[in-house]
Amino acid sequence: MNSTNSINSMNYLEHFRQSGALLEGHFILSSGLHSPNYLQCALALQFPADAAKFGRAIAEQFTDANIETVASPAIGGLIIGYAVAAALNVRFIWTERQDGVMTLRRGFSVKTGERILVVEDVITTGGSTRECIEALEANGAKVVGAASVIDRSNGAADVGVPRVALVSMQVPSYKPEDCPLCTEGLEAVKPGSRTKK
Ligand SMILES: [Zn+2]
């Protein structure tokens, strides 16, 4: 199991395009940076049958890992994490931030040595996954792997455990003054505003 295991990446990417989860053009991101791509994973998981398909594809890579529990950092990981847990037929729990710290709440508990797979929708730096892993291990669990639908780090993010992604990609972003799309004179769009210029 290497850090980026992309099976049928093109099919998944095509689903992302068709569902509007991956836009191509010239976008102003919430950070203010410009990018030729905009990714909104939630749109690709709107239909339960699609989420189940992605969940099975991740689960298939962990069938021999004796996973006892799937855990996700809320909110982004909830749908895909649940789908992976359903495919593995194990329980599903999540961590969430309380006063900025990723925490196990809602009465969720883990056993000492419990084998957990951490699942997120999109890994960019791996920060949320790492925080989720820390919260679980602070409670005694053993996190044996991590997975995401999309890896925006193109394999670079290190979360300290073996990690897989269905699709690895590099999403470039530019400061407005350095943006080659601006240089070309293409108008930039704010995704989600529904007003295309
Ligand atoms: Zn631009």
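When a ligand or atom number is given, it counts from 1 through the structure's own listing order. Side chains are part of it too, since the values below use all heavy atoms of this structure and drop only hydrogens, waters and symmetry mates.
- In this structure a side-chain-to-backbone donor-acceptor pair under 3.5 Å is missing from Arg152 to Val122.
- Note that CD of Glu184 is 9.0 Å distant from NE2 of His26, once rounded to the nearest 0.5 Å.
- Salt bridge annotation for Asp158-Arg130: absent, with no cationic side-chain nitrogen under 4.0 angstrom from a carboxylate oxygen.
- Pairs passing the side-chain hydrogen bond (donor to acceptor under 3.5 Å, both in side chains) check and including a residue from residues 40-50, sequence neighbours excluded, do not occur.
- Partners of Phe108 under the ring pair (Phe, Tyr, Trp, His ring centres under 6.0 Å) rule, at least two apart in sequence or in another chain, are Trp94.
- Near-neighbour remark for the Zn ion (ligand 1): protein N, O or S atoms under 2.8 Å are His26 NE2, His34 ND1, Cys179 SG, Cys182 SG; waters not counted.
- Alongside Leu181, the hydrophobic cluster contains Leu186 (criterion: ILVMFWY side chains under 4.5 Å).
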